[in-house]
**Q** 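After the structure tokens below, expect a handful of questions from me.
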Amino acid sequence: MLDRIKASIPALPPAEQRVAKLVLADPRSFASLPVAELAERAHVSKPTVVRFCRSVGYDGLADFKLKLAGSVNEGVPFVHRAVDEDDKSSDIIVKVIDNAVSALLKFRNDAASHAFERAIDALAQAGKSGRRIEFYGVGNSGIVAQDAQHKFFRLGVNTVACSDGHVQVMSATMLKPGDCAVIISNSGRSRDLLDAAEIARKKGATSIVITASGSPLAQQAQILLAADHPEDYDRYSPMVSRLLHLTIIDILTTGVALRLGEQLRPMLQEIKRNLRAKRYTEEA
């Protein structure tokens, strides 16, 4: 979270930059002090403190301070612990799990809740109105797209997953306003996905992008759900970023399911009954 604030300073107005520097100088104090004292220390107005929190991706001062307190008090450093050739099985277990847990905790503290709110709103509205929800990904991200489609189709929405570049282009071309294209990429540099995102935008669909912030694909997003994690691409496939992407999909699925509410419950109960009946038939 602090790295994110530091990176955002050049793009902030001068007054908000002073607030950012106050955060970086003493994050623990910032998380506990009242807004009046924060404004006085930064030599800005109280509304400027709130505007700063929103400028760096949070709902307001309360949301910012909550995430900041979690970030500085977590006690689990976000360190990329790559495995080595001579590691024992016990070392691999610790390194892989610690790396995953650290990344998930960092994402929890950094996640911009307002971006998730917008994404869930768009997906829920598309589901309620019978519009299309399409998930695009290639390689490892294609697997995440398939997982997303599997979760969302059980909500009774019109959804598909595409992992072939040519199919993505054709599918994006058929999108219309009110449809949603969820584009998943670890690097954010896949030419196929960049093409699909541009076409979806031109067709008026809402593009929800899950990728690394600052990547070319992130620049095309209407709604960006940033997932940043360093991976050792030269030696290993992107494992932790895939866990982050799957977690983001779970958050979106849960949020949309809650928005659909009562209309969803009878269908889920019927699915459960039919699956139970099928299982009993096969066992007999």
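Computation of the quantities below employed the complete heavy-atom set of this structure, encompassing side-chain atoms and omitting hydrogens, waters and symmetry-equivalent molecules.
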**Q** Distance check, rounded to the nearest 0.5 Å: Asn140 atom CG versus Asn186 atom CG?
**A**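 With rounding to 0.5 Å, CG (Asn140) is 8.0 Å from CG (Asn186).
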**Q** Spell out, as yes or no, whether a donor-acceptor pair under 3.5 Å connects the side chain of Thr48 to the backbone of Val44.
**A**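 No.
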**Q** Taking the basic N atoms (NZ, or NE/NH1/NH2) and the acidic carboxylate oxygens, is any pair closer than 4.0 Å for Lys106 and Asp228?
**A**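 Between Asp228 and Lys106 there is no salt bridge, as every charged N stays at least 4.0 Å from the carboxylate O atoms.
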**Q** Answer yes or no: is there a donor N or O on one side and an acceptor on the other, between the side chain of Lys67 and the main chain of Ala111, under 3.5 Å?
**A**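 The answer is yes, because a donor-acceptor pair under 3.5 Å joins these two groups.
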**Q** Excluding sequence neighbours, so at least two apart, what forms side-chain contact (heavy atoms from CB on, under 4.5 Å) with Ala20?
**A**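 Residues passing side-chain contact (heavy atoms from CB on, under 4.5 Å) with Ala20: Ile5, Ile9, Leu12, Phe52.
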**Q** On a heavy-atom basis, which atom in Ser29 and which in Arg41 lie closest, and how many Å separate them?
**A** CB-NH1, 4.4 Å
**Q** Give a yes or no on this: more than 12 heavy atoms of other residues, nucleotides or ligands lie within 6.0 Å of atom CZ of Arg54.
**A** no
**Q** Supply the atom-to-atom distance Asp192 CG to Asp164 CG, rounded to the nearest 0.5 angstrom.
**A**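 It comes to 7.5 Å.
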**Q** Kindly compute the distance separating CG (Leu33) from CG (Asp26), expressed to the nearest 0.5 Å.
**A** 8.0 Å
**Q** What is the minimum heavy-atom distance between Glu198 and Gln220, and which atoms define it?
**A**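 Minimum heavy-atom separation between Glu198 and Gln220: N-OE1, 3.2 Å.
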**Q** Side-chain contact, heavy-atom cut-off 4.5 Å: Asp147 with Ile143?
**A** no
**Q** Quick one: does Ser55's side chain have a donor or acceptor within less than 3.5 Å of a partner on Arg51's backbone?
**A**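 Side chain of Ser55 to backbone of Arg51: a pair is present.
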**Q** Do the non-hydrogen side-chain atoms of Asp195 and Arg191 ever get within less than 4.5 Å of each other?
**A**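 Heavy-atom side-chain distance check passes, below 4.5 Å.
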**Q** Check Ala196 against Gln168 and note the closest heavy-atom contact, atom names and distance.
**A**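 That would be CB-CB, 4.2 Å.
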**Q** Looking only at heavy atoms, which two atoms of Ser213 and Ala226 are closest? And how far apart?
**A** CB-CB, 3.9 Å
**Q** Got a second to check how far Ile248's CD1 is from Thr211's OG1, nearest 0.5 Å?
**A** 9.5 Å
**Q** Go through it in stages, so that I can follow the logic: the residues are Ser113 and Asp63, the test is side-chain contact (heavy atoms from CB on, under 4.5 Å), and I'd like the CA-CA distance, side-chain angles, deciding distance and then a yes or no.
**A** CA-CA 9 Å; Ser113 57; Asp63 180 46; 3.5 Å; yes
**Q** Going by atom types alone, do Thr159 and Gln149 pair a side-chain donor with an acceptor below 3.5 Å?
**A**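 Absent: no donor and acceptor within the cut-off.
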**Q** Are any of the side-chain heavy atoms of Leu217 and Ser190 separated by less than 4.5 Å?
**A** no
**Q** Does Val160 offer a backbone N or O that forms a donor-acceptor pair with the side chain of Glu134 under 3.5 Å?
**A** no
**Q** Are Leu123 and Val157 co-members of a hydrophobic cluster defined by side-chain heavy atoms under 4.5 Å apart?
**A**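 Yes, Val157 and Leu123 fall within the same hydrophobic cluster.
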**Q** Counting heavy atoms not belonging to Glu37, are there more than 12 under 6.0 Å from its CD?
**A** yes
**Q** Identify the heavy atoms of Phe116 and Leu225 that sit nearest to each other, and give their distance.
**A**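 Heavy atoms only, the tightest pair is N-CD2, 3.8 Å.
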**Q** Do Arg28 and Leu68 touch side chain to side chain, with heavy atoms closer than 4.5 Å?
**A** no
**Q** Under the 3.5 angstrom rule, does the side chain of Tyr136 hit a backbone N or O of Ala172 as a donor-acceptor pair?
**A**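 At least one qualifying donor-acceptor pair exists.
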**Q** Just jot down the side-chain hydrogen bond (donor to acceptor under 3.5 Å, both in side chains) partners of Arg131, sequence neighbours excluded, or say none.
**A**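 Checked Arg131 against side-chain hydrogen bond (donor to acceptor under 3.5 Å, both in side chains); matches are Asp179.
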**Q** Okay, side chain of His245, backbone of Val144: is any donor-acceptor separation there less than 3.5 Å?
**A**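 Checking the backbone N and O of Val144 against the side chain of His245, no donor-acceptor pair under 3.5 Å is found.
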**Q** Indicate the atoms forming the closest heavy-atom contact of Ala112 with Gly57, along with that distance.
**A**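 Closest approach of Ala112 to Gly57: CB-O, 3.2 Å.
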**Q** Do Val138 and Ile184 touch side chain to side chain, with heavy atoms closer than 4.5 Å?
**A**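 Contact flag for Val138/Ile184 side chains = no.
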**Q** One pair to check against side chain to side chain donor-acceptor pair (under 3.5 Å): Arg132 and Asn158. What are the steps and the verdict?
**A** CA-CA 5 Å; Arg132 295 167 62 187; Asn158 183 12; 5.8 Å; no
**Q** Does the side chain of Met170 come within less than 4.5 Å of Val167's, by heavy atoms?
**A** yes
**Q** So if you build clusters from Ile, Leu, Val, Met, Phe, Trp, Tyr with side-chain heavy-atom gaps below 4.5 Å, do Val209 and Phe135 land together?
**A**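 Unlinked, Val209 and Phe135 end up in two clusters.
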**Q** Any side-chain to backbone donor/acceptor pair from Gln222 onto Ser207? Under 3.5 Å, distance only.
**A** yes
**Q** Rounded to the nearest 0.5 Å, what separation is found between the CD1 atom of Ile223 and the SG atom of Cys180?
**A**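 Those atoms lie 7.0 Å apart.
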